[in-house]
Amino acid sequence: MAYLHRAIIDTIPSYKQGKPAPKTPGLTAYKISSNENPYEPLASVKQAIVDKAVGRMNRYPDMRGTAVVERLADQLGVKPENVVLGCGSTEVITQLVNLVAGPGDEVVYPWRSFEAYPIIVANAGATSVKVPNRPDGSHDIDAMIAAINERTRLIIVNNPNNPTSTSLSDADARKLMAAVPKDVLVLFDEAYIQFNTAADTNVAMDLFREYPNIVVAQTFSKAYGLAGLRIGYGIAPADVIDGMRKVAIPFGVTEIAQTAALASMDAYDELDERVKALVAERARVVAALRAQGWEFPEPYANFFWLPIGERTDEAAEHFVKAALSVRVFSGEGIRISIGEREANDRVISVCADLKRLGF
């Protein structure tokens, strides 16, 4: 039986989770489709959850995540009223879009980029303005500036960009900010910022101290390896944070997630070593693929992008046969996360096979 619902729902694509690793006889399967950190949680983080949070699951969490917010504020050099938590940075972005945009409003963002953007914008009833990336997969800042009009309520930049793994330069970020009206917010989505080694990259917190209309979204999911616990955070002017809290899910960030975030910040040095190890693996994989003759954007996240175009689905079958789950964008390319060393070695091998087949 048909049911009554908002017509816009029929236009919203469903978010697709990265597929589980395919099972192939004789091979260990690896899921490298979701940009997850391949390392299991640190022992100290797991112990903190057991000691401080597991026994309190019958109680609601601190809705504002006071301890985490204060710790982040101190770490970032801002006030607690400039920080808000969410169920991952995705929910932080959702809070912001729901705050500023609705029917008749426009949200400008690069494309291709994070798949949740069009879903979040459409669910708010607003209109997406997708600005095509440059041929190298990076943001076309001039085109984004040209897309701004009186209906624009938010501009999103993604640094590094997902799925192309390109970095946003400080020069481009400043060019954008110089052109944006001061009453239009600009969101810097930095979910993968800890992996960004580009010498000229923008650091959004630097701009936050210079401009009144910047929001920064970051997460504990990637570098900190807490993807399964869903905790991210936003940094913004106090009045924006107040508005975001009004549209947030009440009690959305669990006490277990808050406890794990605090313990992870205590163990920053250990986690930083893991980030450096993943960056080193990224460099090893990139060097091997370049030697095979592959051309793709220099990656600055914990994944890289193979722009294969119309042969994307054909190439994806070879990864499936090798028990590797990768993120496939039909007709465009494949996003491959940096995973365990054996998984990365197998990626190198599959790519070598594809080159021999004329890719």
Side-chain angles (χ1 to χ4, degrees), residues 6-13 15 81-133 139-159 161-162 168 172-191 202 204-205 207-208 210-219 232-249 252:
R6 291 189 297 151
I8 197 169
I9 299 299
D10 296 328
T11 71
I12 300 175
Y15 187 87
E81 52 263 38
N82 295 122
V83 182
V84 67
L85 300 185
C87 300
S89 56
T90 302
E91 203 240 323
V92 170
I93 297 166
T94 302
Q95 293 171 11
L96 183 61
V97 172
N98 286 340
L99 172 65
V100 302
D105 299 327
E106 294 182 352
V107 178
V108 176
Y109 54 85
W111 197 254
R112 178 168 290 275
S113 192
F114 184 32
E115 293 166 271
Y117 295 157
I119 297 172
I120 294 169
V121 172
N123 196 41
T127 299
S128 287
V129 178
K130 299 179 179 179
V131 179
N133 290 320
H139 293 1
D140 188 336
I141 293 299
D142 289 333
M144 292 183 72
I145 291 171
I148 300 170
N149 60 41
E150 68 279 0
R151 294 182 299 277
T152 305
R153 294 295 177 270
L154 178 67
I155 299 158
I156 303 175
V157 292
N158 192 351
N159 186 30
N161 187 51
N162 177 13
L168 175 71
D172 272 351
R174 290 180 179 279
K175 185 176 186 179
L176 174 67
M177 292 310 303
V180 175
K182 294 298 185 287
D183 59 352
V184 174
L185 293 175
V186 181
L187 169 66
F188 287 77
D189 183 355
E190 293 186 331
N202 171 251
M205 286 306 300
L207 292 181
F208 177 78
E210 300 177 36
Y211 291 88
N213 54 331
I214 285 180
V215 181
V216 184
Q218 297 185 357
T219 185
Y233 53 96
I235 306 104
D239 57 339
V240 175
I241 292 294
D242 185 56
M244 290 170 69
R245 284 182 173 144
K246 291 177 181 179
V247 297
I249 301 171

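Position 1 is the first residue of the sequence, and the numbers go up from there.
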Derivation and outcome, side chain to side chain contact (heavy atoms under 4.5 Å, CB included), residues M205 and I214 = CA-CA 9 Å; M205 286 306 300; I214 285 180; over 6 Å; no
Do you know the tightest heavy-atom contact between [X] and [Y]?
{"X": "V216", "Y": "A204", "value": "CG2-CB, 3.7 Å"}
{"X": "A178", "Y": "Y211", "value": "N-OH, 4.4 Å"}
{"X": "A124", "Y": "N98", "value": "CB-OD1, 3.6 Å"}
{"X": "S128", "Y": "Y109", "value": "OG-OH, 2.7 Å"}
{"X": "A191", "Y": "S89", "value": "CB-OG, 4.1 Å"}
{"X": "V247", "Y": "L99", "value": "CG2-N, 4.4 Å"}

task = Can you spot which of V180, V240, T152 makes a side chain to side chain contact (heavy atoms under 4.5 Å, CB included) with L185?
result =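 With L185 as partner, side chain to side chain contact (heavy atoms under 4.5 Å, CB included) holds for just one option, V240.
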request  = Output yes when a side-chain donor or acceptor of R151 lies under 3.5 Å from a complementary backbone atom of I148, and no otherwise.
outcome  =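 Answer holds: no.
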Within a strict 4.5 Å, meaning less than it, do heavy atoms of the [X] and [Y] side chains meet?
{"X": "L176", "Y": "V157", "value": "yes"}
{"X": "Q95", "Y": "V84", "value": "yes"}
{"X": "V108", "Y": "I156", "value": "no"}
{"X": "H139", "Y": "N158", "value": "yes"}
{"X": "N202", "Y": "D172", "value": "no"}
{"X": "L168", "Y": "I141", "value": "yes"}
{"X": "E91", "Y": "L85", "value": "no"}
{"X": "V131", "Y": "W111", "value": "no"}

task = Using only heavy-atom distances, determine whether the side chains of Y117 and D189 contain a donor-acceptor pair under 3.5 Å.
result =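 Yes.
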ask   = In terms of side-chain heavy atoms, does Y233 have a donor or acceptor partner in T219 at a distance below 3.5 Å?
value =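 Distance-only check fails for Y233 and T219.
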Straight-line distance of [X] [atom1] to [Y] [atom2], nearest 0.5 Å:
{"X": "M244", "Y": "L96", "atom1": "CE", "atom2": "CG", "value": "5.0 Å"}
{"X": "N149", "Y": "E106", "atom1": "CG", "atom2": "CD", "value": "4.5 Å"}
{"X": "I241", "Y": "N82", "atom1": "CD1", "atom2": "CG", "value": "6.5 Å"}
{"X": "M177", "Y": "F208", "atom1": "CE", "atom2": "CZ", "value": "11.0 Å"}

query = Between N133 and N161, is a side chain to side chain contact (heavy atoms under 4.5 Å, CB included) present by the stated rule, with each step listed?
reply = CA-CA 10 Å; N133 290 320; N161 187 51; 3.8 Å; yes
request  = Begin with the C-alpha distance, continue with both residues' side-chain angles, and end with the deciding distance and a verdict on side chain to side chain contact (heavy atoms under 4.5 Å, CB included) for N213 and D183.
outcome  = CA-CA 7 Å; N213 54 331; D183 59 352; over 6 Å; no
key: Stepwise side chain to side chain contact (heavy atoms under 4.5 Å, CB included) test for T90 and F114   = CA-CA 10 Å; T90 302; F114 184 32; 3.5 Å; yes
